[in-house]
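Working notes, beginning with the structure itself.
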Amino acid sequence: MMAIERVAIVGLGLIGSSVARAVKERLPQVTVVGHDAKAEVRDIARELGFCDIIADAPAAAVADADLVIFAVPVGGMADAARAVAPGLRDGVIISDVGSSKAGVAAALGAALPGHIVIPAHPVAGTENSGPAAGFASLFEGRWCIVTPGAGAPEDAVAALAGFWQALGARVETMDAAHHDMVLAVTSHLPHLIAYTIVGTASELEEVTESEVIKYSAGGFRDFTRIAASDPVMWRDVFLANKEAVLATLQRFNEDLTVLQQAIRRGDAGKLEDWFTRTRAIRRSIIEQGQDDAAPDFGRKH
Ligand SMILES: NC(=O)C1=CN([C@@H]2O[C@H](COP(=O)(O)OP(=O)(O)OC[C@H]3O[C@@H](n4cnc5c(N)ncnc54)[C@H](O)[C@@H]3O)[C@@H](O)[C@H]2O)C=CC1
Ligand SMILES: O=C(O)C(=O)Cc1ccc(O)cc1
């Protein structure tokens with residue numbers, strides 16, 4: 001198996017800093033080099049000490065790395081890749097943690113021709129961002145979806161899978177397009193709904209802002225957590241996963257119309273049947289011990 005002795009992390013926010021912290025805790029023999037485009041983030045990273053080395057220049061950060069992980073918003077992957085390109089050694093594994101995969105795979109492949117690119121997505125995170133928000137246990141028991149292209153060398157895929165397993169993650173391999181369809185349903189649409197509902201509530205004139213805050217102990221409160229997620233990161237996810245999100249939204253709108261009609265017509269049976277079915281879905285997730293693997297809007301950190 002390919003040995004990973006030196007990892008370079010480009011982008012030291014929530015996910016990049018969590019990867020660095022997890023490596024330091026679980027793979028202490030591995031050297032972690034970090035870089036962020038923002039000088040203030042590099043300063044905070046130096047202070048917090050979750051990397052062995054912080055490099056000011058992107059190409060210097062990746063020199064001699066066995067694995068380079070891009071942990072920047074998905075719309076910034078190409079720029080980040082071009083910036084490190086002159087420093088990459090032959091045979092290095094290039095990966096990322098982006099929330100959408102087909103567009104990122106294409107962007108990294110085009111920016112780094114001739115390199116081994118194996119995209120990945122740890123399905124774990126929080127509504128917080130920045131280098132101080134990360135923590136070493138973030139990936140424990142969570143899924144990491146690896147989406148190797150057709151030509152990806154098996155030993156490199158195995159090395160990347162082993163790396164994520166060492167950080168505590170469960171690894172699944174799938175096609176990037178399939179990943180994007182699945183995540184559109186399980187993650188991207190729920191975020192879009194949260195952004196919508198919180199925006200709508202704050203705009204409703206008959207409900208004052210103080211009432212929204214005062215009575216937000218119910219379901220609304222869980223939506224506000226999700227709707228506090230990073231604006232740049234999520235802007236990029238929706239633009240990158242446009243087709244899958246729009247297809248999912250189409251289905252969602254149709255189902256919403258069905259429920260709307262049931263309410264208007266007073267169709268009690270329809271409403272009760274629907275809610276009974278969704279309750280069973282939640283219960284079966286919990287019975288399978290998978291509640292941690294599914295997005296949980298009420299999860300506390
Ligand atoms: N936030 C979450 O819960 C999760 C996020 N992701 C993915 O992880 C990636 C990073 O997200 P977060 O860590 O949450 O964001 P973040 O906003 O906490 O950190 C991103 C960092 O990347 C830096 N950056 C931006 N462009 C750069 C460039 N060209 N070169 C170097 N550094 C650059 C920023 O200065 C920032 O410090 C995104 O692609 C996101 O889709 C994946 C799983 C969960
Ligand atoms: O905070 C939450 O509930 C999340 O859903 C975190 C999250 C955000 C983006 C991802 O790609 C994966 C996980």
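Indexing begins at 1, ligand by ligand and atom by atom, following the structure's order.
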Looking only at protein heavy atoms, which one is nearest to [atom], and what is the separation?
atom: atom 10 (C) of ligand 1; result: Ala71 O, 3.4 Å
atom: atom 6 (N) of ligand 1; result: Ser99 OG, 3.4 Å
atom: atom 2 (C) of ligand 1; result: Leu14 CD2, 3.7 Å
atom: atom 19 (O) of ligand 1; result: Gly13 CA, 3.2 Å

I'd like to check which ligand 1 atoms, numbered from 1 as shown, lie under 4.0 Å from a non-hydrogen atom of [X].
X: Lys38; result: 35 (O)
X: Val74; result: 39 (O)
X: Val97; result: 6 (N), 7 (C), 8 (O), 9 (C), 42 (C)

Contact atoms of ligand 2, heavy-atom distance to [X] under 4.0 Å:
X: Arg225; value: 1 (O), 2 (C), 3 (O)
X: Gly125; value: 1 (O), 6 (C), 13 (C)
X: His121; value: 10 (C), 11 (O), 12 (C)
X: Ser99; value: 9 (C), 10 (C), 11 (O)
X: Met233; value: 9 (C)

- Message: With a heavy-atom distance limit of 4.0 Å, tell me whether Leu183 approaches ligand 2 through its side chain, its backbone, both, or neither.
- Response: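 None of Leu183 does.
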
- Message: Below 4.0 Å, non-hydrogen atoms only: which portion of Arg142 touches ligand 2? Side chain, backbone, both or neither.
- Response: neither

- Message: Heavy atoms only, cut-off 4.0 Å: how does Ala37 contact ligand 1, side chain, backbone, both, or neither?
- Response: both

- Message: Test of understanding: given a 4.0 Å heavy-atom threshold, classify the contact between Pro131 and ligand 1 as side chain, backbone, both, or neither.
- Response: neither

- Considering the options Glu172, His179, His121, His178, which one meets the side chain to side chain contact (heavy atoms under 4.5 Å, CB included) requirement together with Thr147?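 Only one option passes, and that is His179.
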
- Query: Quick one: which of Val33, Val41, Leu12 gives a side chain to side chain contact (heavy atoms under 4.5 Å, CB included) with Ile54?
  - Reply: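 By the side chain to side chain contact (heavy atoms under 4.5 Å, CB included) criterion, Ile54 pairs with just one of Val33, Val41, Leu12: Leu12.
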
Between [options], flag the one that comes closest to [atom] by a heavy atom.
atom: atom 22 (O) of ligand 1; options: Gly11, Gly75, Ser100; answer: Gly11
atom: atom 17 (O) of ligand 1; options: Pro58, Ala61, Ser129; answer: Ser129
atom: atom 34 (C) of ligand 1; options: Ile44, Asp36, Ile9, Val10; answer: Asp36
atom: atom 38 (C) of ligand 1; options: Val19, Val72, Val41, Ile15; answer: Val72

State whether the shortest distance between N or O atoms of [X] and N or O atoms of ligand 1 falls below 3.5 angstrom.
X: His35; value: no
X: Pro122; value: no
X: Met233; value: no

- Message: Using heavy atoms and a 4.0 Å limit, tell me yes or no: is Trp143 in contact with ligand 2?
- Response: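 Distance cut 4.0 Å: Trp143 fails for ligand 2.
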
- Task: Assess the side chains of Ser129 and Asp230: does a donor N or O sit below 3.5 Å from an acceptor N or O?
- Result: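 Yes, a side-chain donor-acceptor pair sits under 3.5 Å.
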
- Side chains of Arg282 and Thr278, donor plus acceptor under 3.5 Å: no

- Ile263 CD1 to Gln261 CD distance, which is reported to the nearest 0.5 Å: 11.0 Å

- Message: I need the minimum non-hydrogen distance between Ala152 and Ile118, along with the two atoms involved.
- Response: CB-CG1, 4.3 Å

- Task: Considering non-hydrogen atoms only, spot the tightest contact between Ile15 and Ala124 and give its length.
- Result: CD1-O, 3.6 Å

- Item | Lys24/Asp52 salt bridge by N-O under 4.0 Å criterion |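 Yes, Asp52 and Lys24 are salt-bridged.
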
- Task: Run the contact test for Ala124 against ligand 1 with a 4.0 Å cut-off on heavy atoms, strictly below, and give the result.
- Result: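 True for this residue.
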
- Query: Is Ile226 close to Glu127 at the side-chain level, that is, under 4.5 Å between some pair of heavy atoms?
  - Reply: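 Not touching, per the 4.5 Å side-chain cut-off.
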
- Item | Atom CZ of Arg89 with >12 non-hydrogen neighbours under 6.0 angstrom | yes

- For Arg277, look at atom CZ and say whether over 12 heavy atoms of other residues, nucleotides or ligands are found less than 6.0 Å away. yes

Under 3.5 Å, is there a donor-acceptor pair between the side chain of [X] and the main chain of [Y]?
X: Asp180; Y: Ala102; value: yes
X: Arg42; Y: His35; value: no
X: Asp66; Y: Glu5; value: yes

- Return the orientation label for the Trp234 and His191 ring planes: parallel under 30°, perpendicular over 60°, tilted otherwise.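 Ring orientation of Trp234 relative to His191: parallel.
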
